[in-house]
Amino acid sequence: RIKPVRFGQMASRCRAFLRTAVSRGGQPLDLHQQLAAGSRPLSNFVSVYEGPSVDPTAGHHLIQKKKKNWAARHKKSWRGGMNSQEYDERHGRPWRERKEVMIPVLMTTIGRHSRNPKLRKDIAPQVRCSPNYKKLLRDPYRKRWLPMGSENLNFRFFAEFCLKDFEKRTLLETAHTLPLFGVGCKFWRGAKPDTPDTRGNFFVAESAHFLQRPIRGLLRGTQYMFGRPVRSNVAPVAKTFGFWRHEFPKGAHPIVYRPPFPELRGAEGSAEAE
């Protein structure tokens, strides 16, 4: 019975055979033999024996590889860390110290009980590597608890999700800030807040139903591609991601689709004072 040989083993054996044939004093293979062996010309490579070689990988260990500076490119995020510690503590999400490292407390999602009331009290609420535990790690809507009399207990605390950055604000959170919850408006995604729609791929909302404003709900409408309607009565793609832009419908009534209110003059003075 013939013993099967893997492709990697066969390739390594062929390279070893060709390397031995050249290094034992034999004449270098000509161009036809090189092409038959599936290699490039000898002049393009230098073997590990300081001579010509048909091995395409000869001398690869002499090439200086770039050192990947992972610390500069990727900042280390702690277990369940969706935002910075300063941001979470300002909005009522506490952090705790574990093994000399600060990690966020995994609160359950807003609008749901911390645990099923039918479970026994001596059962661990969080089992690592379980589906429930993984949901807690990725949940962006954790419960918020601010102490009474805190200076952060203001309108901005309750409008946290609608005041998110453009890169993190979802479609539902964007539509909640618009008249009629975005019904009749045109939505598309762009890299910047002023990115125009140049491809004709956008979504026009026809109905909006919120289960829990402004984080949970459903928007349905018509999906356009290249400026033409493709499907109707569907939910948009990538609705839970950010980078959503919007535009009021053409000829809309100014009383209903009014522009946003201007910023308060006192807000500029308080920001400069801080």
Side-chain angles (χ1 to χ4, degrees), residues 77 80-83 87 91 93 107-113 116 130-144 155-263:
S77 58
M82 305 290 293
N83 303 297
Y87 179 87
H91 292 88
R93 300 185 186 92
M107 297 288 187
T108 53
T109 186
I110 297 175
R112 299 180 184 177
H113 295 289
N116 194 333
S130 62
N132 187 28
Y133 182 77
K134 293 179 181 179
K135 288 181 181 179
L136 294 177
L137 296 178
R138 302 188 299 265
D139 186 16
Y141 304 116
R142 296 173 184 152
K143 287 188 174 71
R144 305 174 295 172
F155 286 101
R156 287 187 173 271
F157 171 77
F158 295 100
E160 172 196 357
F161 304 116
C162 292
L163 296 177
K164 283 183 179 179
D165 296 336
F166 173 73
E167 296 80 8
K168 297 182 179 181
R169 191 168 59 246
T170 63
L171 177 62
L172 285 174
E173 295 166 352
T174 304
H176 191 267
T177 61
L178 303 177
L180 303 180
F181 297 139
V183 175
C185 296
K186 171 183 173 182
F187 296 93
W188 71 95
R189 301 187 69 199
K192 298 180 180 179
D194 55 350
T195 303
D197 176 33
T198 57
R199 299 181 180 180
N201 300 342
F202 54 89
F203 174 81
V204 178
E206 298 176 356
S207 63
H209 177 64
F210 282 90
L211 301 176
Q212 190 173 10
R213 298 186 303 171
I215 59 178
R216 294 186 179 93
L218 181 63
L219 254 70
R220 286 190 173 273
T222 305
Q223 181 68 43
Y224 287 77
M225 295 187 67
F226 304 105
R228 298 182 179 181
V230 178
R231 297 190 65 181
S232 61
N233 195 23
V234 295
V237 181
K239 57 185 177 181
T240 58
F241 298 147
F243 299 96
W244 280 100
R245 288 220 57 211
H246 66 274
E247 181 181 320
F248 291 158
K250 296 182 179 180
H253 201 281
I255 297 180
V256 179
Y257 294 94
R258 60 183 183 274
F261 291 102
E263 297 183 359

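Given the structure is predicted, the values throughout are model-derived calculations rather than measurements.
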Trainee: Does the pair Arg245/Asp197 count as a salt bridge with the N-to-O cut at 4.0 Å?
Mentor: no

Trainee: Of all the heavy-atom pairs spanning Phe203 and Pro236, show the shortest one and how long it is.
Mentor: CZ-CD, 3.7 Å

Trainee: Is a side-chain donor or acceptor of Gln223 paired with a backbone partner of Phe202 at a separation under 3.5 angstrom?
Mentor: yes

Trainee: What's the shortest heavy-atom distance between Leu219 and Ala175, and which atoms?
Mentor: CD2-CB, 3.9 Å

Trainee: Looking only at non-hydrogen atoms, find the nearest pair between Phe157 and Arg144 and report the distance.
Mentor: O-NH1, 2.7 Å

Trainee: Over all heavy atoms of both residues, which pair between Met82 and Leu137 is shortest? Give the atoms and the distance, please.
Mentor: SD-O, 3.7 Å

Trainee: Taking side chain to side chain contact (heavy atoms under 4.5 Å, CB included) as the criterion, tell me which of Lys239, His246, Lys164 meets it with Thr174.
Mentor: His246

Trainee: In terms of the angle between their ring planes, are Phe187 and Trp244 parallel, tilted or perpendicular, with boundaries placed at 30° and 60°?
Mentor: perpendicular

Trainee: In terms of heavy-atom contacts, does CD1 of Ile255 have more than 12 from other residues, nucleotides or ligands at under 6.0 Å?
Mentor: no

Trainee: List the atom of Arg93, the atom of Lys143, and the distance in Å for their closest heavy-atom pair.
Mentor: CG-O, 4.0 Å

Trainee: Salt bridge or not between Glu206 and Arg220? Use side-chain N to carboxylate O under 4.0 Å.
Mentor: no

Trainee: For Phe241, look at atom CZ and say whether over 12 heavy atoms of other residues, nucleotides or ligands are found less than 6.0 Å away.
Mentor: no

Trainee: Just by modelled atom types, is the Thr222 backbone N or O under 3.5 Å from a matching donor or acceptor in the Asn233 side chain?
Mentor: no

Trainee: Tell me if the centroids of the rings in Phe181 and Phe210 come within less than 6.0 Å of each other.
Mentor: yes

Trainee: Is the CZ atom of Arg258 crowded by more than 12 outside heavy atoms at less than 6.0 Å?
Mentor: no

Trainee: Looking only at heavy atoms, which two atoms of Arg142 and Leu136 are closest? And how far apart?
Mentor: NH2-O, 3.0 Å

Trainee: Between Lys192 and Glu167, does at least one N-O distance fall below 4.0 Å, as a salt bridge requires?
Mentor: no

Trainee: Once side chain to side chain contact (heavy atoms under 4.5 Å, CB included) is applied, do any residues pair with Ala252, and if so which ones, sequence neighbours excluded?
Mentor: Pro249, Tyr257

Trainee: If the condition is ring-ring contact (aromatic ring centres under 6.0 Å, His included), which residues does Phe158 pass it with, not counting sequence neighbours?
Mentor: none

